[in-house]
Amino acid sequence: IIHLDGKELSLFEFALNCGYKRIAKELIQIDGFDFNKFGHNPLVAAVSSGYMDIAIELLNLGANPNCSQKPYGSLLRLCLEKGYFDFADLLLNKGAEIDIRDENGSTLLIWASRAGLDKAVDFLLEHGASINVCDRDEKSAIVAAYESNKPSIIKKLVDGGALLTEKFAHKALSSCY
């Protein structure tokens, strides 16, 4: 572990943060390199630094597509947040769970709906995300979109088959239709 600007970094993370891509690539070839290290996950580090070629190499070498690391949550969420939709598609093809939940029980669709990420919502719906599941507070994606005042997402969710309670339907639909 290396200390840099008050952060603890693995040697791999240090190489990425300093732009030493060649060194990072050499490190992942060392026998015993931990592709799925908890806390300092190399795959999360590569994606968060924008080194997608290294991230692809890590996936091909056996890195876990369902890894997570604070503050990002799941790797799939990080990709959707950064707009790396091609890599998100690759993660799903490698076994990433589209309905993975965070510590609050929110799925990616609930998170993206709450955040107003139209392209992420489109991606998740196109890839079969569960539309009517709820988080620990019993809020679904459509409720999250409504509470965050995201009418374009409410419309997408309704068009995608989101179920509405009678109490909620009038309020939600009047905001977007």
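Because the structure is predicted, anything quoted here is derived from the model rather than measured.
Screening Leu80, Asn66, Leu108 for a side chain to side chain contact (heavy atoms under 4.5 Å, CB included) involving Ser74 leaves a single residue, Leu108.
Side-chain N or O atoms of Asn41 include one that pairs as donor or acceptor with a backbone N or O of Leu43 at under 3.5 Å. A donor-acceptor distance shorter than 3.5 angstrom exists from the side chain of Ser48 to the backbone of Val44, with no hydrogens or angles considered.
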Kindly determine whether Ser140 and Val133 satisfy side-chain contact (heavy atoms from CB on, under 4.5 Å), including the steps that lead there.
CA-CA 6 Å; Ser140 64; Val133 297; over 6 Å; no
Let me see the working for Phe87 and Leu91 under side-chain contact (heavy atoms from CB on, under 4.5 Å), right down to the final yes or no.
CA-CA 6 Å; Phe87 191 75; Leu91 286 173; 3.8 Å; yes
List the steps and the verdict of side-chain contact (heavy atoms from CB on, under 4.5 Å) for Ile131 and Leu124.
CA-CA 9 Å; Ile131 199 167; Leu124 291 164; over 6 Å; no
Would Lys150 and Lys156 count as a side-chain contact (heavy atoms from CB on, under 4.5 Å) here? Give the steps.
CA-CA 10 Å; Lys150 308 297 182 197; Lys156 290 173 195 263; over 6 Å; no
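For Asp99, the side chain to side chain donor-acceptor pair (under 3.5 Å) test picks out Ser130, with sequence neighbours left out. Under the salt bridge (charged side-chain N to carboxylate O under 4.0 Å, His left out) criterion, Asp86 pairs with no residue, sequence neighbours left out. For the side chain to side chain donor-acceptor pair (under 3.5 Å) test, residues two or more places apart in sequence or in another chain that qualify with Glu26 are Arg22.
Side-chain contact check for Arg77 versus Lys82: every heavy-atom pair is 4.5 Å or farther apart. In this structure the side chain of Phe12 reaches within 4.5 angstrom of the side chain of Leu58, judged on heavy atoms. A 4.5 Å side-chain heavy-atom check between Ser113 and Ile142 finds every atom pair outside the cut-off. Counting heavy atoms from C-beta outward, Leu92 and Leu76 have side chains that approach closer than 4.5 Å. For the pair Thr107/Ile98, no side-chain contact is recorded, criterion being any heavy-atom separation below 4.5 Å from C-beta on.
Pairs passing the ring pair (Phe, Tyr, Trp, His ring centres under 6.0 Å) check and including a residue from residues 102-132, sequence neighbours excluded, read Phe85-Phe123, Phe123-His127. For residues 129-146, every residue pair satisfying the salt bridge (charged side-chain N to carboxylate O under 4.0 Å, His left out) rule, not counting sequence neighbours, is listed here: Arg114-Asp135, Lys139-Glu147. For residues 89-109, the set of pairs meeting the ring pair (Phe, Tyr, Trp, His ring centres under 6.0 Å) definition, not counting sequence neighbours, is empty.
To the nearest 0.5 Å, the span separating CD1 on Ile154 from CG on Asp159 amounts to 11.5 Å. Here CG of Asp102 is found 8.5 Å from CD1 of Ile110. Values are rounded to the nearest 0.5 Å. With rounding to the nearest 0.5 Å, the separation of SG in Cys18 from CD in Glu13 is 11.5 Å.
Leu90 and Leu61 fall within a single hydrophobic cluster, where Ile, Leu, Val, Met, Phe, Trp and Tyr side chains are chained together by heavy-atom contacts under 4.5 Å.
Between Lys21 and Asp53 there is a salt bridge, since at least one side-chain N of the basic residue sits less than 4.0 Å from a carboxylate O of the acidic one.
Side-chain contact annotation: Asn64 with Lys94, donor-acceptor N/O pair under 3.5 Å absent.
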